[in-house]
Each structure stands twice: as C-alpha cells, then as structure tokens.
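See structure below.
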Protein chains: 2
Amino acid sequence: MQRMNIATDTRSRIIAAAKPRFHSRSYANVGIQEICESAGVQKGSFYHFFPSKRDLVMAVIDEFADDWAHGFVAEAFDPALPPMERIDYLIDAAYFWQKSIKEVHGRMLGCIFGNLTLEVSTQDDILRAKLLAIFTRAKSRFRVTLEQAVATGIIPPLDTALTAEAMLAYLEGVILLAKAQNDPEVLYRLGPAIKTLRIETGKV
Amino acid sequence: MQRMNIATDTRSRIIAAAKPRFHSRSYANVGIQEICESAGVQKGSFYHFFPSKRDLVMAVIDEFADDWAHGFVAEAFDPALPPMERIDYLIDAAYFWQKSIKEVHGRMLGCIFGNLTLEVSTQDDILRAKLLAIFTRAKSRFRVTLEQAVATGIIPPLDTALTAEAMLAYLEGVILLAKAQNDPEVLYRLGPAIKTLRIETGKV
DNA sequence: TTGGTAGATGACCGTTCGGTCAAAAAAATC
DNA sequence: GATTTTTTTGACCGAACGGTCATCTACCAA
C-alpha cells in the first residue's frame, strides 16, 4: 500500500529465505531461527512482520502460487494452444522443473503444495484451507481446458469437473512417486498418461 | 527368537502407541517423550529397544505394511476375484477405511506411506528407501493383476508395469486430494477412474 | 551361589523450538 | 523541530526436542 521501497525488504528477504527451505525440507523441520539467520534478520523483527510461523508459510504458499501462475502455468494454459496440448505442456514443464531442481539440489523436491498438505492438513485447518484453495484453482484450470476440448470435439464428452480433479490427483500422485524414487524420470514415464483419465458424465 | 512372552511386550506397546500418532500427525510432530508417556514406558527403556526415532518409525512402517498385507490388500488381490474387480475392491476398501477413520477421528488421515514420503524423503535416504520398497511391492500387486487381465483378454494389451505404477500414483494422488478436503467422498468420486488409466507398450 | 544379562528406572545432557518484550533507532508525519 | 509510527535490536521465556547414562531389578544358567 504505502512505502514499499526498502521498508518491506526485510519481509521479502524472510520469505525468500523461507521458500527453498520449506520446499526442500518440511514445515516442522525448518525453524524460525534458521530463517532469520539466513535472511540476516533478528527474531524480534521477524515477529514484527509475521504474527506466527503459520503466517510465514502462508506467505510462502502465496509466493509459490504466484510463481506458478506467472510461469509454467501461464505458458501451459495459454488459450492459443490446442486444449490437450496445454496438458502435455504442463506435464513437460513439471518434469523439466523437477529435473533442474534435482540437478542443482541433488534431490527431487516435489510439489510444495502436496508436501505441505500431507504434513499439516490434519493439524491445522487454516493451512489446509489455504492449500485446498490452491488445488481448487488448479482444478479449474484443468476443467476449463477440458471444457474447450469437449466443445471443439477434440475429445468425447465427459464430466469435465470430475476428470479435471482426477487429473490433478494423478499429477500429484506421480510427483509423490517420483519423490519416493528421487527420480524425475518417473514424471516423464507416467506423466503423459494423464490424458487417458476419463470420468463419464451423468452417473445417476 | 527367544523369550517373546512378556519381555518384548514393552516394544509392542511403544509401537502401538506410535502408530496412530505418526499416522494422524507427522514424523516431526510426534515426540518420543509423548510416545513413552502413552505407552507407560520410560525413556531409557525406549532406547533400549530402538536405537533412534528413525528405527521406531521404520518398525511402524513395517507394522502398517503388515496390516495392509493381511487385511484389505489380501482381500482385494484375491486371485479368486476377476482381475479388474480386485482393483474396484481395493478402491472400495480404501474409501471405507478412510471414511471410518474420519468418523472416529474427525479427520481423514490418508496414507501413512504417502504422508511420510513427502515429509522425510528429502531428508533421510534410509527412510526413503524403506518407503520406496513399500511402493514397489504395491506396484507389483497392480502389475500382476493387470497381467492377468491382459492374459485373459479382459482388457486390451498395455504396458502392465507402467500402468501399474500409474495406478498406484493415481491412488496416492486421490488420497492426497481427499486429505486436502478432509473428505473421503473424494475417493468415492475419483477412485473408480483408476481403471481408465492406460500406458501402451513399446513406445520406442 | 554366583555371574551374566536383559530390561527398567529416572535424572540428566545440550540444543532447539516458537514466541515475547522493553528499549533503541530510524523514518515518516505534522 | 517535535511527535508519532514503523522497524530493529538482542536478551529472554518456558517447553520440548532426541538422546545418554549410571544404577537398579529380575530372571536365567552354570
């Protein structure tokens, strides 16, 4: 809203320090002290910007979501692409992203939204709601794509909402298995099968 | 091996106390102290049976794997059932299990193997290997089923190994999304679509 | 009867956890 | 220039963390 020049720079540095840590480890395993040291910030200063650790991770979730929305996802769900190619593109993007992370980091880190969901969603309903909102948005990206594919006759009619949800689930599951093997190639092998998923409409 | 009567009872009590806690929360969030109190065991006694927390969670993983192998999974992958019905059965079993957990516990806890995988597999390669072995066994259950389905002509030929892996991924992904929504009905809605997954053979 | 050993006890270790707070410094407002 | 607000500092809190250890108890076999 107001100043924004160097004032909130501290806040940004905290988030920047937290992002890779939450992504590569876990919520519980990353401490505020470590984040503060890495960001060159005092603990009292941290709590001036974030009421709690949960608020920090929520900000981190938002930033990751923005990164995706303006990066891979924006490219993948480009309306100029034929609908089904967008899904190919998304799988490709996920694969190359995880692969590059592994090359740099030595490990496949997977999807931070999936990671956090399985770690905290039984313990913190507010975080669960936050993560659910991310998934809901992702689902609607798939749904819109499927609707266009059906409308243009590229694929036979199906329940776009349910199939979209199934595709999102499959993507998360593939990333999970890839992480278990610490091998992004799993994404390459299994990813394309996402387009074979189908849930028919009108099962009364 | 030797006595086994009441001697190792302490060990069993520790595992019994740990199981629901690791399942319903997370690895990092469950402390040894809490487990000891719940099991009525002294800390020094704990470390007499388990060299470390990691060894405890490995024992817990083994017990969960045994529970599954002798429970739902044994029923689902009954050779007497037609191959594709086994998969239906498994999905059903997963649904009813999660549903009953939610009714008792108030929350969907999901799959402990998936939970632990996303939490610890970047931090502990030994645990990751342990979990990977569980997934590998599950995958081969699917593969054998698919092989029989193909052999008996119930379904058209496909790459059984890859499709099996895809199905396992899908199952884990569906459970993840269900946990994000704290709603086992997601399993009911999305589960059956697992049979639509197909990866063709011989993509050279 | 004497060791040996498996098991249980409970105090103790250093470290880290998330979070608080009063005071000082810096910046913005009047 | 005075005042108010934002930001920073660093010490501090109690609790919990995973893990250790010397000691004691029970039971076994020789």
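Computed over heavy atoms, backbone and side chain alike; hydrogens, waters and symmetry mates excluded. In what follows, chains are A, B, ... by sequence order, proteins preceding strands, each numbered from 1.
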- [ ] Starting from C1' on D:dA16, measure out to CD on B:Glu37 and report it in whole angstrom.
- [x] 11 Å

- [ ] Check the distance between D:dT7's C1' and A:Arg13's CZ and give it to me in whole angstrom.
- [x] 12 Å

Task: Below 4.0 Å: OP1/OP2 of D:dT20 and any side-chain N or O of B:Tyr47 - done: no

TODO: Name the closest nucleotide to the A:Ile32 side chain, picking from C:dG18, C:dA11, C:dT9.
DONE: C:dG18

TODO: Would you please indicate if the ring centroids of A:Trp68 and A:Phe72 are separated by under 6.0 Å?
DONE: yes

- [ ] Start with the C-alpha distance between A:Asp62 and A:Lys130, add both sets of side-chain angles, then the distance that settles salt bridge (charged side-chain N to carboxylate O under 4.0 Å, His left out), and finish with yes or no.
- [x] CA-CA 9 Å; A:Asp62 278 331; A:Lys130 180 102 194 167; 3.0 Å; yes

Task: Flag for A:Ser52-A:Asp55: side-chain donor and acceptor within less than 3.5 Å - done: yes

- [ ] In whole angstrom, give the distance that lies between atom CZ of B:Phe49 and atom P of C:dA8.
- [x] 5 Å

TODO: Rounded to the nearest angstrom, tell me the gap between atom CZ in A:Phe46 and atom P in D:dG10.
DONE: 18 Å

- [ ] Would you tell me if any nitrogen or oxygen in the side chain of B:Gln33 comes within less than 4.0 Å of OP1 or OP2 on D:dA16?
- [x] no

Open item on the list: With nearest nucleotide decided by heavy atoms, which residue, A:Gly44 or A:Asn29, maps closer to the 5′ end of DNA chain C?
Closed with: A:Asn29

Open item on the list: Given the structure, check if the side chain of A:Lys43 and the base of C:dG19 hold any donor-acceptor pair shorter than 3.5 Å.
Closed with: yes

- [ ] State, to 0.1 Å, how close A:Ala18 and A:Val60 come at their nearest heavy-atom pair, and which atoms those are.
- [x] CB-CG2, 3.8 Å

Open item on the list: In this structure, is the centre-to-centre distance between the rings of A:Phe77 and A:Tyr89 below 6.0 Å?
Closed with: no

TODO: Classify the nucleic acid contact of B:Gly31 as base, sugar-phosphate or nothing, counting any heavy atom under 4.0 Å across all strands shown.
DONE: sugar-phosphate

Open item on the list: Between C1' on D:dT8 and CD1 on A:Ile14, what's the gap in Å once rounded to a whole number?
Closed with: 11 Å

TODO: Using a 4.0 Å heavy-atom cut-off across all strands, classify B:Glu34 as base, sugar-phosphate, or nothing.
DONE: nothing

Open item on the list: What is the separation between atom CD on A:Gln42 and atom P on C:dA24, rounded to the nearest whole Å?
Closed with: 16 Å

Task: Euclidean distance, atom NZ of residue B:Lys53 to atom P of D:dA16 [Å, nearest integer] - done: 15 Å

TODO: Kindly say if B:Thr10 contacts the phosphate of C:dG7, meaning a side-chain N or O under 4.0 Å from OP1 or OP2.
DONE: no

TODO: Using a cut-off of strictly less than 4.0 Å, decide whether B:His48 has a side-chain nitrogen or oxygen near OP1 or OP2 of C:dA8.
DONE: no

- [ ] Quickly work out the A:Asp9 CG to C:dA26 P distance and round it to whole Å.
- [x] 16 Å

Open item on the list: I want to verify a distance call: between D:dT7, D:dG19, C:dT9, whose nearest atom is closest to the B:Ser52 side chain?
Closed with: D:dG19

